[in-house]
Amino acid sequence: MNKVRIKSRSEIETMRRSGKAASIVLQTIGEAVSPGISTYELDQISREAIKKLGGISSFLGYQLPHHPPYPATICVSINEEIVHGIPRKDCILKEGDIIGIDTAVYLNGFHGDNAYTFPVGDIEPEAQSLLEVSKNALYKAIDAAKPGSRLGDACSALQTHVESHGFSVVRDFVGHGIGRNLHEEPQVPNYGEPGRGVRLRPGTVLAIEAMTNAGTHESETLEDGWTAVTADRRISALFEHTVAILPEGPEILTDNHDLWGSNSH
């Protein structure tokens with residue numbers, strides 16, 4: 001395993017700016033989410049917002065082995081889609097959908113990464129419950145990411161909260177360390193055991209992702225090579241923050257009270 005890259009105080013200060021930019025972009029996109037808009041249009045809003053902030057999309061052109069370069073600045077995941085859905089002109093949001101939007105911004109040499117699942121108009125009670133549980137699970141994980149604790153403490157807190165409400169956590173995709181590279185060590189699963197995993201030292205920065213499903217944890221990837229969906233096609237939700245572990249505790253670098261509301265820390 002590669003070593004976890006510890007960030008200095010000045011690097012974390014720079015990451016506050018990239019995190020803030022990512023949070024503004026996500027909020028701007030979210031304000032446009034409504035029945036009748038296409039996911040392509042949401043990506044165009046994202047491109048304009050990133051440009052206005054002086055940043056670069058972390059996702060556009062992103063390359064994975066055996067994948068085509070990613071063609072958009074956001075990943076959109078509607079209903080049963082878990083992660084990595086590609087925006088399209090013919091993908092139109094409708095009343096009752098839920099849409100997970102994941103966006104990341106590269107600014108001043110560092111990445112900021114965040115995601116939020118938005119309701120499209122009025123949604124079913126199960127969907128509302130999944131969104132609330134998933135969002136709260138993310139904050140449970142952040143609360144447990146204290147300096148000196150283990151990564152498994154945070155991952156277990158997320159898993160325990162989700163499963164206690166009868167939902168499942170995604171196992172095929174993980175959160176990650178973040179900094180000068182979008183994806184760094186360590187991997188941050190949605191499940192774990194307390195007291196296990198790497199020690200969380202001050203200067204560790206993590207993109208913690210709560211990926212939760214109404215039904216099975218199992219997933220499939222569609223023919224586009226990117227879009228992951230639940231195996232049973234029940235709904236999925238995604239919430240993500242970039243979090244710095246400081247001597248005094250975890251700090252959310254993508255905090256945005258206008259978007260996340262009162263349980264932002």
Side-chain angles (χ1 to χ4, degrees), residues 22-23 26-27 29-30 33 74-85 93 96-104 113-145 151-176 187-192 206-219 227-243 250 252-265:
S23 76
L26 186 59
Q27 181 192 348
I29 302 163
V33 168
I74 58 174
C75 297
V76 291
S77 307
I78 301 171
N79 298 333
E80 74 275 9
E81 295 170 354
I82 301 171
V83 285
H84 305 156
L93 298 186
D97 285 341
I98 58 172
I99 177 170
I101 295 175
D102 189 355
T103 188
D113 189 1
N114 58 176
Y116 195 99
T117 300
F118 297 92
V120 182
D122 292 327
I123 60 175
E124 293 291 332
E126 181 185 56
Q128 188 62 51
S129 177
L130 181 66
L131 265 55
E132 290 173 7
V133 169
S134 304
K135 182 178 171 183
N136 290 333
L138 174 59
Y139 284 104
K140 297 281 188 186
I142 293 168
D143 285 342
L151 183 62
D153 299 336
C155 300
S156 173
L158 193 162
Q159 178 186 12
T160 299
H161 185 75
V162 171
E163 292 180 349
S164 72
H165 288 80
F167 298 128
S168 67
V169 294
V170 171
R171 292 170 178 262
D172 294 337
F173 301 92
V174 295
H176 49 92
Q187 293 191 349
V188 185
N190 283 255
Y191 61 94
L206 306 173
I208 303 176
E209 304 188 41
M211 293 175 272
T212 62
N213 298 341
T216 181
H217 70 81
E218 295 176 354
S219 70
T227 309
V229 299
T230 57
D232 59 6
R233 301 303 192 267
R234 291 180 70 187
I235 55 173
S236 183
L238 167 66
F239 291 88
E240 175 185 20
H241 269 312
T242 296
V243 180
I252 301 170
L253 303 183
T254 45
D255 207 356
N256 187 325
H257 290 273
D258 291 338
L259 174 58
W260 291 84
S262 59
N263 68 345
S264 278
H265 290 211

Which of I235, V170, I82 passes side-chain contact (heavy atoms from CB on, under 4.5 Å) with T230? Answer is I82

Determine the minimum heavy-atom distance between [X] and [Y], stating which atoms define it.
{"X": "L130", "Y": "S134", "result": "O-OG, 2.6 Å"}
{"X": "A137", "Y": "H161", "result": "N-CD2, 3.6 Å"}
{"X": "C155", "Y": "P189", "result": "SG-O, 3.2 Å"}
{"X": "A214", "Y": "F167", "result": "CA-CD2, 3.6 Å"}
{"X": "D102", "Y": "E240", "result": "OD1-OE1, 3.1 Å"}
{"X": "G175", "Y": "E209", "result": "CA-OE2, 3.7 Å"}

Any side-chain heavy atom of [X] within less than 4.5 Å of one from [Y]?
{"X": "V162", "Y": "N190", "value": "no"}
{"X": "D143", "Y": "P250", "value": "no"}
{"X": "L259", "Y": "F118", "value": "yes"}
{"X": "E81", "Y": "V229", "value": "yes"}
{"X": "H241", "Y": "Y139", "value": "yes"}
{"X": "S23", "Y": "W260", "value": "no"}
{"X": "V120", "Y": "V33", "value": "yes"}
{"X": "V169", "Y": "E163", "value": "yes"}

Does the ring center of H217 lie less than 6.0 Å from the ring center of Y191? no

Roughly how far apart are [X] [atom1] and [Y] [atom2], rounded to 0.5 Å?
{"X": "S236", "Y": "I78", "atom1": "OG", "atom2": "CD1", "answer": "12.5 Å"}
{"X": "L138", "Y": "M211", "atom1": "CG", "atom2": "CE", "answer": "10.5 Å"}
{"X": "Q27", "Y": "I29", "atom1": "CD", "atom2": "CD1", "answer": "10.5 Å"}
{"X": "N114", "Y": "L26", "atom1": "CG", "atom2": "CG", "answer": "4.5 Å"}
{"X": "T212", "Y": "K135", "atom1": "OG1", "atom2": "NZ", "answer": "13.0 Å"}
{"X": "R171", "Y": "N213", "atom1": "CZ", "atom2": "CG", "answer": "11.0 Å"}

Backbone N/O of [Y] and side chain of [X]: donor-acceptor pair under 3.5 Å:
{"X": "N256", "Y": "D258", "answer": "yes"}
{"X": "T103", "Y": "I74", "answer": "no"}
{"X": "Q159", "Y": "G192", "answer": "yes"}

Residues at least two apart in sequence or cross-chain that pass salt bridge (charged side-chain N to carboxylate O under 4.0 Å, His left out) with E132, listed by chain then number, are none

Sorted by chain and residue number, the salt bridge (charged side-chain N to carboxylate O under 4.0 Å, His left out) partners of D153 (sequence neighbours excluded) come out as none

Side chain to side chain contact (heavy atoms under 4.5 Å, CB included), that's the test. Do D113 and T254 meet it? Break it down for me. CA-CA 7 Å; D113 189 1; T254 45; over 6 Å; no

Side chain to side chain contact (heavy atoms under 4.5 Å, CB included) filter on T117, not counting sequence neighbours, yields I98, L131, A237, L238, F239

Between I99 and L93, does the side chain to side chain contact (heavy atoms under 4.5 Å, CB included) criterion hold? Intermediate values first, please. CA-CA 8 Å; I99 177 170; L93 298 186; 3.9 Å; yes

